[in-house]
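See structure below.
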Amino acid sequence: MFKDTNCGELRKEHAGREVRLAGWVNRRRDHGSLIFIDLRDRSGIAQVVFNPQTAPQAAKMAENLRGEWVVGVRGNVVERPAGTENSKIPSGDIEVQAVELEVFNESKPPPFYVNDDSEVDEALRLRYRPIYLRRQRIQNNLVLRHKIIQQMRRYLDTRGFLEIETPILGKSTPEGARDYLVPSRLYPGSFYALPQSPQQMKQLLMVSGYEKYYQIARCFRDEDLRADRQPEFTQLDLEMSFVEQEDILALMEPLYTSIVEEVTPSKHVTKPFPRLTYKEAMEKYGSDKPDLRFGLELTDLEPAVRGTQFQVFRQALTEKGVVKGITAPGCAGYSRKQLDDLTQMAKDKGARGLITIALEPGASTVDSLSMEHVRSVAARYFTIDEVKGMAHAVGAKPSDLLLIVAGAHQMVNTVLGALRLEIGKRLHLQDKDHMKFAFVTDFPLLEWNAEEKRWNSAHHPFTMPHPEDIQYLESDPARVRAWSYDLVCNGIEMFSGSIRIHRRELQERIFQVLGYTPDETKEKFGHLLEAFEYGAPPHGGIGAGIDRLAMIMADEDNLREVIAFPKTQSATDLLFGAPAPVGQQQLQQVHIKVSPPEQK
RNA sequence: GGCCCGGUGGUGUAGUGGCCUAACAUAUCUCCCUGUCACGGAGAAGACCGAGGGUUCGAAUCCCUUCCGGGUCGCCA
């Protein structure tokens, strides 16, 4: 070993000891003859002093050191002279007086600063990833990620779970995201697909009697990227036999609370996790993954405006739509521009428009409001009682702003949900140190795909319908609730899971509702259906995004900061240059002929 | 595929029609400095403004095309 001590672990107790350190030159302070080096390794930083009087040769060499050179130092740990301690670093009470210096490797000036957290162009972060990964911040993030995964393994191991690996080379299945394909050399024209998740594999493991399975599984989806979506990502994939929904939730809640408590104790977790049904989530928050760190709930305003003369509301109500609103506290003073921005946002999400009503602070209470305190483009259509009624309903006070959307039920919820988040953001109601988890249950089993004119699985086709609703599978598919559940946190989906179907007949019925012919079903899912004929236990599980969990625990707003080697938004790897063309010979081996894309 | 934002010395920014022969900070190089810790001081070098085309007497700045990065809608069972 070139080192016997980690830089960041040196403390007062080590004074008097001779140590060998090795690491990178984080900073150099050259005082002419005295030279200070901040030496950095994974553990942190230690100050090394080169004194020409005590170690002339090392001091001479030290004059040439520059940032990011890799060096080894032999020296003596001493307490710093009184008054020169540095309280900013843990090893700041001591320093190492160098006796001997060895340069393992020099470094060109790095393409960006390693020793601070300054902004770096994303392309540079990716192009020079090995250097970017030296930064303290991302090292912390990767350590945090490691700890999350360790806690998962620890927790599940003590509860009798087995970690079992499943293949990466699998078979393409319909439904879901676009697959990444891998051509077969031995079978011309045939392809493997990389798993979108090990869903069917883990269900088969249940059939095999493993009862409690998990895996830290890499998943692949060939869809467009987002700040919180990479083409390959990591899931905690988990499945259990002989369980009901309640058993899974009871297992998962302590897992997540223990992760946060162990890994980021400074963050606050609300226990127990609140639960809401999909319906409640949509009605109150306009989202199936609500951010519960703040209120501003959506409220039905129909009772307050039932008799209104305002045509927009009347029409919405006659057409079986709804009128709902939220309060933006203290926003009555919003400018025309700010209101226009909100209106535009509402329109982008599908609303015909947005009704804003500013309650100016002139009145002391809602009841003492008069029309002169009400600022709204629709003011002249409302009676003061209607305004008061709406204000009471959404809990608004003078100086607040009401945002109201009328129209089709679902659209109104979605639009107000987006506005709610926007107001929450503007008013800084999203506390990063609060991990507000919640379970969302009772999702619909199916969703109508208007484009393809057929029913899609809301979760996936293996989800167990609510037993009470099975009778409506064919007659009223939209009415069927699923035995599925999500965990959300701060407006982000943390995991998604369900109780699965374990009987062939029911699974076949579902495929039929999804529009598959018996032949297609047999061809695409025969292996699973067959397995169900040999004693499949009731089972269920989850798939949990590990990258996203790490992201919010690390206070990052982009997945790339918690992944060592991420891809760009256009799914390229700027470090390796992937994807890249391959030679003719390689293509021939896998029987691929490339046809160039059509010219525009 | 649509929409939006960005690309200026190594890095991060400023400059949005003439004052730009492009500014500032930092990094780099040279010299000085024995208690600094984002050390300090003096000096030097370094970009023709992502690329191509156009408008104009004049373009980093306006327009078009294109490349790259980012955000977002669609998409993501």
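Naming convention: chains lettered A, B, ... in sequence-line order (proteins, then strands); numbering from 1 in each chain. This is a predicted model, so every value here is computed, not measured.
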Practice item. Determine the Euclidean distance between corresponding P atoms of B/U65 and B/G2; express it in Å to zero decimal places. Key: 12 Å
Review point. NA contact type, A/Glu95, heavy-atom cut-off 4.0 Å: base, sugar-phosphate, or nothing?
Key: base
Check your understanding: Is there a donor and acceptor pair, one atom on the side chain of A/Asp121 and one on the base of B/G6, closer than 3.5 Å?
Key -> no
Check your understanding: For A/Gln569 and B/G71, is the shortest distance between a side-chain N/O and OP1 or OP2 below 4.0 Å?
Key -> yes
Review point. Is there a Watson-Crick or G-U wobble partner for B/C3 with both distances under 3.5 Å, and which nucleotide is it?
Key: B/G71
Practice item. Flag as yes if A/His31 stacks onto the base of B/C39 (centroids under 5.5 Å, planes under 30°), otherwise no. Key: yes
Review point. Taking only side-chain nitrogens and oxygens of A/Thr84, does any of them come within less than 4.0 Å of OP1 or OP2 of B/G35?
Key: no
Review point. Do A/Arg127 and B/C68 have a side chain to base donor-acceptor pair shorter than 3.5 Å?
Key: no
Practice item. Could you check whether A/Thr173 gets within reach of a base, just the sugar-phosphate, or nothing at all, counting any heavy atom under 4.0 Å? Key: nothing
Exercise for review: Would you mind pulling out the nucleotide paired to B/G43, Watson-Crick or G-U wobble, both distances under 3.5 Å?
Suggested key: B/C29
Review point. Taking the same atom, C1', in B/G43 and in B/G54, what whole-Å distance lies between them?
Key: 44 Å
**Study point:** N/O donor-acceptor pair, side chain A/Arg229 with base B/C75, under 3.5 angstrom
**Key:** yes
Check your understanding: Looking across every strand, which nucleic acid part, if any, lies under 4.0 Å from A/Ser118 by heavy atom: base, sugar-phosphate, or nothing?
Key -> nothing
**Study point:** Paired nucleotide for B/A23 [Watson-Crick or G-U wobble; both distances under 3.5 Å]
**Key:** B/U13
Check your understanding: Would you call A/Phe36 stacked on B/U36, i.e. ring centres under 5.5 Å apart with the planes less than 30° off parallel?
Key -> yes
Point to revise | Nearest listed nucleotide, side chain of A/Phe112, among B/U11, B/G69, B/A38 | key: B/U11
Exercise for review: Decide yes or no on side-chain contact (heavy atoms from CB on, under 4.5 Å) for A/Arg80 and A/Asp93, but give the supporting numbers first.
Suggested key: CA-CA 6 Å; A/Arg80 293 195 189 186; A/Asp93 286 335; over 6 Å; no
Check your understanding: According to a strict under-4.0 Å criterion, is A/Lys88 in side-chain N/O contact with OP1 or OP2 of B/A38?
Key -> yes
Point to revise | Short side-chain N/O contact from A/Ser570 to OP1 or OP2 of B/G69, under 4.0 Å | key: yes
Review point. When you compare B/U16 with B/U28, how far apart are their C1' atoms, in angstrom units rounded to a whole number?
Key: 31 Å
**Study point:** P-based separation of B/C39 from B/U26 [nearest Å]
**Key:** 11 Å
Check your understanding: Across the strands shown, which category fits A/Glu68 at heavy-atom distances under 4.0 angstrom: base, sugar-phosphate, nothing?
Key -> nothing
Check your understanding: Should B/G35 form a Watson-Crick or G-U wobble pair with both distances under 3.5 Å, which nucleotide is its partner?
Key -> none
Check your understanding: Choosing from B/C75, B/G70, B/U36, which nucleotide comes nearest the side chain of A/Asn558?
Key -> B/G70
Exercise for review: Looking at every strand, decide which applies to A/Val120 at a 4.0 Å heavy-atom threshold: base, sugar-phosphate, or nothing.
Suggested key: sugar-phosphate
Point to revise | N/O donor-acceptor pair under 3.5 Å between A/Arg454 side chain and A/Leu514 backbone | key: yes
Exercise for review: Could you measure between the two P atoms, the one in B/U55 and the one in B/G74, and give it in whole Å?
Suggested key: 42 Å
Exercise for review: Look at all strands and tell whether A/Pro81 reaches a base, only sugar-phosphate, or nothing, counting heavy atoms closer than 4.0 Å.
Suggested key: base
Review point. What distance, rounded to whole Å, do you find between the two P atoms, one in B/A60 and one in B/U8?
Key: 15 Å
Review point. Do the side chains of A/Glu122 and A/Arg125 get nearer than 4.5 Å, heavy atoms only?
Key: yes
Please tabulate, one pair per line, all N/O donor-acceptor pairs under 3.5 Å involving side-chain atoms of residues 33-41 of chain A, not counting sequence neighbours.
unit_1  : atom_1 : unit_2  : atom_2 : d
A/Asp38 : OD1    : A/Arg29 : NH2    : 2.9
A/Asp38 : OD2    : A/Arg29 : NH1    : 3.0
A/Arg40 : NH1    : A/Asn26 : OD1    : 2.8
A/Arg40 : NH1    : A/Glu68 : OE2    : 3.1
A/Arg40 : NH2    : A/Glu68 : OE1    : 2.9
A/Asp41 : OD1    : A/Ser43 : N      : 2.9
A/Asp41 : OD1    : A/Ser43 : OG     : 2.5
A/Asp41 : OD1    : A/Gly44 : N      : 3.4
A/Asp41 : OD2    : A/Lys3  : NZ     : 2.9
A/Asp41 : OD2    : A/Cys7  : N      : 2.9

Check your understanding: Which whole number of Å gives the distance between the C1' atom of B/A47 and that of B/A23?
Key -> 12 Å
Review point. What's the closest nucleotide to the A/Leu574 side chain, out of B/U28, B/G70, B/G69?
Key: B/G69
Check your understanding: Is A/Tyr485 close to A/Ile499 at the side-chain level, that is, under 4.5 Å between some pair of heavy atoms?
Key -> yes
Practice item. Look at all strands and tell whether A/Arg66 reaches a base, only sugar-phosphate, or nothing, counting heavy atoms closer than 4.0 Å. Key: sugar-phosphate
Study note, to complete from the structure: Winner on side-chain proximity to A/Tyr113, out of B/U13, B/C76, B/G10, is B/G10
Point to revise | Minimum-distance nucleotide to A/Gln47 side chain [options: B/C37, B/G74, B/G70] | key: B/C37
Practice item. Quick one: label A/Asp222 by what it contacts on the DNA or RNA (base, sugar-phosphate, nothing), any heavy atom closer than 4.0 Å. Key: nothing
Practice item. Could you measure between the two C1' atoms, the one in B/G7 and the one in B/A14, and give it in whole Å? Key: 15 Å
Exercise for review: Take A/Gly176 and A/Arg226, find for each the nucleotide of RNA chain B with the closest heavy atom, and name the residue whose nucleotide sits nearer the 5' end.
Suggested key: A/Arg226
Review point. What about A/Glu119, does its side chain sit under 3.5 Å from the base of B/U11 through a donor-acceptor pair?
Key: no
Exercise for review: Indicate whether OP1 or OP2 belonging to B/G69 is found under 4.0 Å from a side-chain N or O atom of A/Thr572.
Suggested key: yes
Exercise for review: Remember a base hit wins even if backbone is also touched, and classify A/Arg560 as base, sugar-phosphate or nothing at under 4.0 Å, heavy atoms.
Suggested key: sugar-phosphate
**Study point:** Between A/Trp24 and A/Trp69, ring centroids under 6.0 Å
**Key:** no
Exercise for review: Salt-bridge test for A/Arg74 and A/Glu18: reply yes if a basic N is under 4.0 Å from a carboxylate O, no otherwise.
Suggested key: yes
**Study point:** Under-4.0 Å side-chain N/O to phosphate OP1/OP2 contact, A/Arg29 with B/C39
**Key:** yes
Check your understanding: Between B/A38 and A/Asn26, is there an OP1 or OP2 to side-chain N/O distance shorter than 4.0 Å?
Key -> no
Check your understanding: If only atom types and distance count, is the side chain of A/Arg509 paired as donor or acceptor with the main-chain N or O of A/Ile470 below 3.5 Å?
Key -> yes
Review point. Between A/Asp228 and A/Pro52, which is nearer to the 5' end of RNA chain B once each is assigned its nearest nucleotide?
Key: A/Pro52
Review point. Taking only residues two or more places apart in sequence, or in another chain, which ones meet A/Arg500 in a side-chain hydrogen bond (donor to acceptor under 3.5 Å, both in side chains)?
Key: A/Glu239, A/His460, A/Ser498
Review point. Are OP1 or OP2 of B/C39 and a side-chain N or O of A/Arg27 less than 4.0 angstrom apart?
Key: yes
Check your understanding: What is the nucleic acid contact for A/Glu447, judged by heavy atoms within less than 4.0 Å: base, sugar-phosphate only, or nothing?
Key -> nothing
